[in-house]
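Below is the structure I would like to discuss, written out as structure tokens.
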Number of protein chains: 2
Amino acid sequence: MARPRKTVTLKEVAREAGVSISTVSRALNDQPFVRDEVRDRVLTASKALSYRPDVAARSMRTGTTGAVGLVVSDISNPLFAAIAKAADETLSPRGYALMIANSSNDASHEAELMRAFQQRRLDGLIIAAADEGAAGLAERIADFQAAVLLDRDVPEAQADSVLSDHRTGLTDALQHLVDLGHERIALITGTASQRGSRVRIQTYFDACRRLKVACEPALCRSEQMTVDDGYQSVSEVLDLPEPPTAIIAGNNQLFAGLFAAIRDRGLRIPEDLSIVACEETELTALHRPPLDVVRRDLAELGRAAAELLLERIDEPTRAPRQILLPTVFEARASSDRPPAELAA
Amino acid sequence: MARPRKTVTLKEVAREAGVSISTVSRALNDQPFVRDEVRDRVLTASKALSYRPDVAARSMRTGTTGAVGLVVSDISNPLFAAIAKAADETLSPRGYALMIANSSNDASHEAELMRAFQQRRLDGLIIAAADEGAAGLAERIADFQAAVLLDRDVPEAQADSVLSDHRTGLTDALQHLVDLGHERIALITGTASQRGSRVRIQTYFDACRRLKVACEPALCRSEQMTVDDGYQSVSEVLDLPEPPTAIIAGNNQLFAGLFAAIRDRGLRIPEDLSIVACEETELTALHRPPLDVVRRDLAELGRAAAELLLERIDEPTRAPRQILLPTVFEARASSDRPPAELAA
DNA sequence: GTGAAAGCGCTAACAC
DNA sequence: GTGTTAGCGCTTTCAC
């Protein structure tokens, strides 16, 4: 079972440098009370043998590992890449390595991944949990010395969090559509077990009621978040006796499904149907006509999460903090007056 | 410095169960020679205290960590997500956790990440190196007990590798364009320090020569691989005295740049210009008209890499193996006869 | 300033 | 079958 390791240890460096193990340790860790001459000798020996400290052994003594984890619910979502990149760029100058794991939106796999990270004694965790209501999630989060929730709401976990203000962007989008004359607007969004979708649903009903437009449950779909789900939901909504004249997709996967569905039906944008995407992607950025979008700064999200985590690691007892980042609606050319008005 | 860890140890479980530490270890690791009654007692105690083994301590003894690393050159490339997912799905049933890290195509950051993984004594590494020619890369790879290269060529590393047969798909694409009557075809591809681009360049010149069409260096661009690079290269190629009538983009980022450039110039596809993308993405899949594409099975790539790695871990001395996976050209509707012929 | 030695949590000989 | 014990490589008292 035990696999051999041809690893250079402190002991060998010590022998090479002609000093004791503890002196090597001190010299290598920039501690005081080492003569410069000795320090040089140690450094030379260490370099010569290409010594690499064993993190496992060190962390057994110190309790720290210099690594933090990122668990994302869906790695195939390109948005996450921007977040991971920004987090990495914040953490790595501070000496932390970022380890990413993917739950594929499966709460039980996610639990396993968290356990794997926890057993590796990572110094912290940034997590976009698949299901905020999963049994034991708060405890699993609390197992970490430091944890930051990524646009998730798990009150019992008492963790720091970075949240997007989905309400503002979506409200502006709805206002824009209503201003154009739309009275039946559909929202296709993801599972209510994630904060983003929950807020969108709430916002949708609030705004529709306030703006005095159709506010029917049939026009607001909350499903899983795959492309296929989006396709299916859009199809059903368009088959309603009174179909909507505008559709908002709550995330990029659903938007891809929406896009495919209207393409397959031969609908023109925006003449036959107005559409709005939440999240900027390659598709929304490059399409002609330009597509209306509710954007947010994902790099800022990742950066803020990483910074919150670092602060928490430094100061474990501080009260949990939330950071709320804006979303912005950007009108482009995928919305227009509703078809009935256009015909008139 | 030392951060306290409120961790349940074997010792405490042993006390709780009223047995010795080693018995607990045996019981928990499904080893023989433990009475069922005792095993049950241990399991109960372990559960009651919610004992979690310390991977660092264990790995210090066994030399294994149960974790493997994946280093990608660009996490913002959605293709990698499919690979990572497939690799994860192969590894996790076998008890391995996959840790992903992103080099952002920066060879020195990549070296750091590899060091971080190596110091954590990961059992293996799957890597899509940013620069095949980076100094010391082969040594860094050899530092790992097991390593698999992902579509990269680093002969000195003597590692296993999973490669895509870029030649076949691209050759078929070129043949298709030439059959349509194109005589000036441009290739926009990435840095020659990665196998994929190198093969494409070679294939391009080989095929153009064989097919007796224009084969000028000015039509073959090898740059970095960002969207902006693609945009820039395409612009330059289209500004040539004799511009191409068809353009092939060597990856999805470059394709996005290509797409943006022709959109900004108001060129119609395929009437004004024929285009082919390497790699299927949201954009190529959803666009109207459907876009010609050179596809490959990314999940298979990830799966094969993971399997190769597992085999290597089990059998460290085996001779290195390569697996070559196909690419397929799929003609859709973004290629047509060249503009001159269409006008005729 | 430097070395000797303890011990982090665990597994694997080796006793019994 | 079960307990005792010796380290894995490292940091950190504590002597000197």
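Order of the sequence lines sets the chain letters (A, B, ...), proteins ahead of strands, with each chain counted from 1.
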Query raised in the report: What is the distance from CZ of A/Arg58 to P of D/dC10, rounded to the nearest Å?
Result: 8 Å

Requested in this report: Return no unless some side-chain N or O of A/Arg35 is found under 4.0 Å from OP1 or OP2 of C/dG1.
Outcome: no

Query raised in the report: What integer distance in Å separates B/Arg41:CZ from D/dG1:C1'?
Result: 12 Å

Query raised in the report: Rounded to whole angstroms, how far apart are CD on A/Gln119 and C1' on C/dC10?
Result: 13 Å

Report task. Would you kindly give the CG-to-P distance between B/Leu28 and C/dG9, to the nearest whole Å? Result -> 16 Å

**Report entry** d(CG, B/Asn29; C1', C/dT11) in whole Å
**Finding:** 8 Å

Query raised in the report: Is there side-chain contact between B/Ile100 and A/Met99, with at least one heavy-atom pair below 4.5 Å?
Result: no

Query raised in the report: Taking OP1 and OP2 of C/dA12, is either one under 4.0 Å from a side-chain nitrogen or oxygen of B/Gln31?
Result: yes

Report task. Indicate, with a heavy-atom threshold strictly under 4.0 Å, whether B/Pro53 touches base, sugar-phosphate, or nothing. Result -> sugar-phosphate

Query raised in the report: B/Ser20 side chain N/O closer than 4.0 Å to the phosphate oxygens (OP1, OP2) of D/dT2?
Result: no

Query raised in the report: Quick one: does B/Arg26 reach the base of D/dG3 with a side-chain donor-acceptor pair under 3.5 Å?
Result: yes

Query raised in the report: So, A/Gln119 versus A/Asp143: side-chain donor-acceptor pair below 3.5 Å or not?
Result: no

Report task. Specify the residue among B/Arg39 and A/Val55 whose closest nucleotide of DNA chain D lies further upstream toward the 5′ end. Result -> B/Arg39

Report task. Find the distance A/Arg52:CZ to D/dC8:C1' and express it as a whole number of Å. Result -> 20 Å

Query raised in the report: Would you call A/Arg312 and A/Asp160 a salt bridge, using N to O less than 4.0 angstrom?
Result: yes

Name the atoms and distances for all side-chain donor-acceptor pairs under 3.5 Å in residues 127-134 of chain B, with sequence neighbours left out.
unit_1, atom_1, unit_2, atom_2, d
B/Asp131, OD1, B/Gly133, N, 2.8
B/Glu132, OE1, B/Arg198, NH1, 2.5
B/Glu132, OE1, B/Arg198, NH2, 3.0
B/Glu132, OE2, B/Asp153, N, 3.0
B/Glu132, OE2, B/Arg195, N, 2.7

Query raised in the report: Side-chain donor or acceptor of A/Arg61 under 3.5 Å from a matching atom on the base of D/dG9?
Result: no

Report summary line: Between B/Asp106 and the options B/Ser104, B/Ser108, B/Ser103, the side chain to side chain donor-acceptor pair (under 3.5 Å) test singles out B/Ser108

Requested in this report: Check every strand shown and say whether A/Ser22 touches a base, only sugar-phosphate, or nothing at a heavy-atom separation below 4.0 Å.
Outcome: base

Report summary line: The bend of the helix from C/dG1-D/dC16 to C/dC16-D/dG1, taken between the axes of its five terminal pairs at each end and rounded to 10°, is 50°

Requested in this report: Could you tell me whether A/Glu300 and A/Arg303 have a side-chain N and a carboxylate O separated by less than 4.0 Å?
Outcome: yes

Query raised in the report: Will you find, in the side chains of A/Ser20 and A/Thr23, an N or O donor that is under 3.5 Å from an N or O acceptor?
Result: yes

**Report entry** Pairs satisfying salt bridge (Lys or Arg N to Asp or Glu O under 4.0 Å), at least one member in residues 88-105 of chain B, at least two apart
**Finding:** B/Arg94-B/Asp314

Query - Nearest-nucleotide 5' precedence on DNA chain D, B/Ala57 against B/Gly18 - result: B/Gly18

Query raised in the report: Below 4.0 angstrom from OP1 or OP2 of D/dT11, is there any side-chain N or O of A/Thr62?
Result: no

**Report entry** For atom CG of B/Leu10 and atom P of C/dG9, their distance in whole Å
**Finding:** 10 Å

Query raised in the report: B/Ile21 has an atom CD1; how far is it from atom P of C/dG7, in whole Å?
Result: 14 Å

Report summary line: Considering only heavy side-chain atoms of B/Asp54, the closest of C/dT2, C/dG9, C/dT11 is C/dG9

